[in-house]
Novice: 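Below are the structure tokens for one structure; questions will follow.
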Amino acid sequence: MDNSNIVDLRIKKLRELMSENDISFYIIPTSDPHGSEYIDNAYKTREYMSGFTGSAGTLIVSKNEAALFVDGRYHIQADLETKETCISVYKLGIDGVPSVKEYLNNQTVPEDRIGFDGRLMMEDVFESINGTVDATFDCELNLVRDIYENIPKSREEKIIILDDEITGESCESKIEKVRIFIKEKDADGLFLSSLDDICYVFNIRGSDIAYNTVAYSYAYITRESATLYLKRNAYDESTTKSFDLSSVNIANYEEIEEELYKIKGKKILLDKEYTSCLFYKALSVGNEVISIKNYDVIKKYIKNEIEQKHARNYAIADAVALIEYIVSLKSSIHEGFEVDEYFAKEYLTSFRANMKGFYCLSFDTICGYKENGAIVHYSVNKDSAKELENNGLLLVDSGAHYMGATTDVTRTIPLGELSDEERAAYTVVLKGNLKLMDAIFLKGTRCENLDILARESLWKIGLDYRHGTGHGIGSFLNVHEGPIRIGYKIREDMPQPELTPGMILSDEPGYYAAGKFGIRHETQLLCVKKYETEYGEFYGFEPLTLVPFEKDAICFELLTAEEFDILKRYSDLIREKVMPYLSEDGKKWLDYNTNFID
């Protein structure tokens, strides 16, 4: 049975269950019980029901339609993966396309009942829908469970406890900061459900979700105690003893809902973005729930000096791995070996795995050749991987977790002869990357103020890219770390803090010519103080990614003198930091691509 028939059959079964339960609309978000961005196979119900494999999207099924809502990163991919199925793709960000809540508001009547699994619907999403849609909601209806055969079990790997030499701050110190915040808010406790926040506060890491260094957990911190809820196989007696020294109690993850209902007469702080409807309901019974943003108390997005040191050191190792990979990959192709996208993707992993301190990849490597590079979050399939040739562009977006740092870098690799269109596009995108990298700005500047630096060269010729320009990056934590987001649209649901020394973020403009090629240049940046005058403190960026842009793909006549100077200074930095650690072939490649004397 082909994919279209399988998806259509599953939607048919869902509609039958909806009818039995008197449900007019059923919502399947992309989420787990913690509001995670990347989710384990156990919770990929939206993917199972729609056939769409992207990491974000919402499926709404009614009697007449199965509507899949995706953002600009997935417009092309969603069309391809749902082709010939009953799924209708709604491309968010395009004029006239409604949002999820607008769609429900337009489609429903007061007599309708809307169902969803409240474990996978975060409270803030539910409230945004409930506030605009006049219908009845059933938040305890897991209908997919009766359709999904052999649903995978969620993982529960053993955690690791990090010492202060990696984190730069003890667990006790971080918990004390949380307690100070609780007292300032005149509250009794803070409930945490977001996995990276919990791992940060308690200085633990795990591997329960692929490419993420997190463990399934919950935490409840009060003025007097701190309780960490872990899965039973995640810890042992030595773990318990270690936490006893920090006055942290270990409790059973599976008993969390029952434990929440026992809390009474308290003022409890929580972040609705990461708290499920069911747990919000449990805490609301007999308590006063106060909505906060976790990043207001847990400021992990501002790296301390130890974290910055690790970021700099592992950036060099990561650059060595990527440069040696590029040199070896090109050599293999030019020598006539059969190399496809899938091999190229797996091959890169072997180079990073040889680096000291490597833990795991930070996301599934994107490796798209020619037209596949135009699919922003392209996922290569072993059976349909495209063969690489001595021409065109290969977009490689990759990263890794090291013991103390996380990397995320994209380089668009010319494999040989390029068209004039490809070289011009490569250069226009590069102009934006360089301008943002070299920005100098006054204290108080926010991310939205800088986005135009990356897009201006594209906008001047009527082009754009349908994704953000940058995101925060964790320290041996999530590769996408809130709240930092560089984008030109001011989003009330994602208020941006002031750019502050210690923040690590990405600089990744792009351009995607559907059916032809894709280009993205992504460089990690560390926000640093530059100087101070009578007008105040001025900040800028230190580039952490130390992989050069390739000379043969650049139209130097399109660069201004200022842009060329930025490129040269960046290239000189790379030569200084990386050259000593490369093989002879790597040094020759680096020398050629960072030497602009000719």
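All values below were derived from every heavy atom in this structure, side-chain atoms included, with hydrogens, water molecules and symmetry-related copies excluded.
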Novice: Measure the acute angle between the ring planes of Y218 and Y253, then classify it against the limits of 30° and 60° as parallel, tilted or perpendicular.
Specialist: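 Plane angle under 30°, so parallel.
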Novice: Between Y402 and Y314, what is the ring plane arrangement, given parallel below 30°, perpendicular above 60°, and tilted in between?
Specialist: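 Taking Y314 first and then Y402, their aromatic rings lie parallel (interplane angle under 30°).
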Novice: Is there a side-chain contact between D208 and L195 in this structure, where contact means two heavy atoms from C-beta onward sitting under 4.5 Å apart?
Specialist: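 Not touching, per the 4.5 Å side-chain cut-off.
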Novice: Among I292, V297, N294, which one satisfies side-chain contact (heavy atoms from CB on, under 4.5 Å) with L269?
Specialist: I292
Novice: Can you tell me if K44 has over 12 outside heavy atoms packed within less than 6.0 Å of its NZ?
Specialist: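 It does: K44 NZ has more than 12 such atoms within range.
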Novice: Is the charged tip of R232 near the ring of Y235: under 6.0 Å from the six-membered ring centre and within 45° of its axis?
Specialist: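 Verdict for Y235: a cation-pi partner in R232.
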Novice: Taking atom NZ as the centre, does K12 end up with more than 12 heavy-atom neighbours from other residues, nucleotides or ligands that are less than 6.0 angstrom away?
Specialist: no
Novice: Checking N449 against T445: is there a side-chain donor and acceptor pair closer than 3.5 Å?
Specialist: no
Novice: Judged by modelled atom types alone, do S173 and S170 share a side-chain donor-acceptor pair under 3.5 Å?
Specialist: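 No - no donor-acceptor pair under 3.5 Å links their side chains.
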Novice: Please report the shortest heavy-atom distance between R46 and L68, naming the atom on each side.
Specialist: CD-CD1, 4.0 Å
Novice: When the ring centroid of Y74 is compared with that of F52, is the distance short of 6.0 Å?
Specialist: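 Aromatic pair counts; centres sit under 6.0 Å.
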Novice: Cut-off 3.5 Å, side chains only: do E481 and Y200 have a donor facing an acceptor?
Specialist: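 Judged by distance alone, the side chains do not pair up.
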Novice: Is there a side-chain contact between I298 and K177 in this structure, where contact means two heavy atoms from C-beta onward sitting under 4.5 Å apart?
Specialist: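 SC-SC contact between I298 and K177 ruled out.
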Novice: In a check of side-chain contact (heavy atoms from CB on, under 4.5 Å) between K293 and each of K272, M494, E273, which one passes?
Specialist: E273
Novice: List the atom of E508, the atom of E522, and the distance in Å for their closest heavy-atom pair.
Specialist: OE2-OE2, 3.1 Å
Novice: Can you find a pair of side-chain heavy atoms, one from L14 and one from R10, that are under 4.5 Å apart?
Specialist: no
Novice: In terms of the angle between their ring planes, are F116 and F126 parallel, tilted or perpendicular, with boundaries placed at 30° and 60°?
Specialist: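 If you compare the ring of F116 with that of F126, the planes turn out tilted.
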Novice: Closest heavy-atom contact between C199 and T213?
Specialist: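 C199 and T213 have their closest heavy atoms at SG-O, 4.2 Å.
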Novice: For a quick test of reading the model, state the closest non-hydrogen atom pair linking R485 to C447 and the distance between them.
Specialist: O-CB, 3.2 Å
Novice: Are Y48 and I147 side-chain neighbours, meaning at least one heavy-atom pair lies under 4.5 Å?
Specialist: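 With C-beta onward as the side chain, the pair touches.
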Novice: Is there a side-chain contact between H401 and R205 (heavy atoms, below 4.5 Å)?
Specialist: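 The answer is no; the side chains never approach within 4.5 Å.
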Novice: Would a 4.5 Å heavy-atom cut-off, applied to side chains only, mark Y359 and S207 as touching?
Specialist: yes
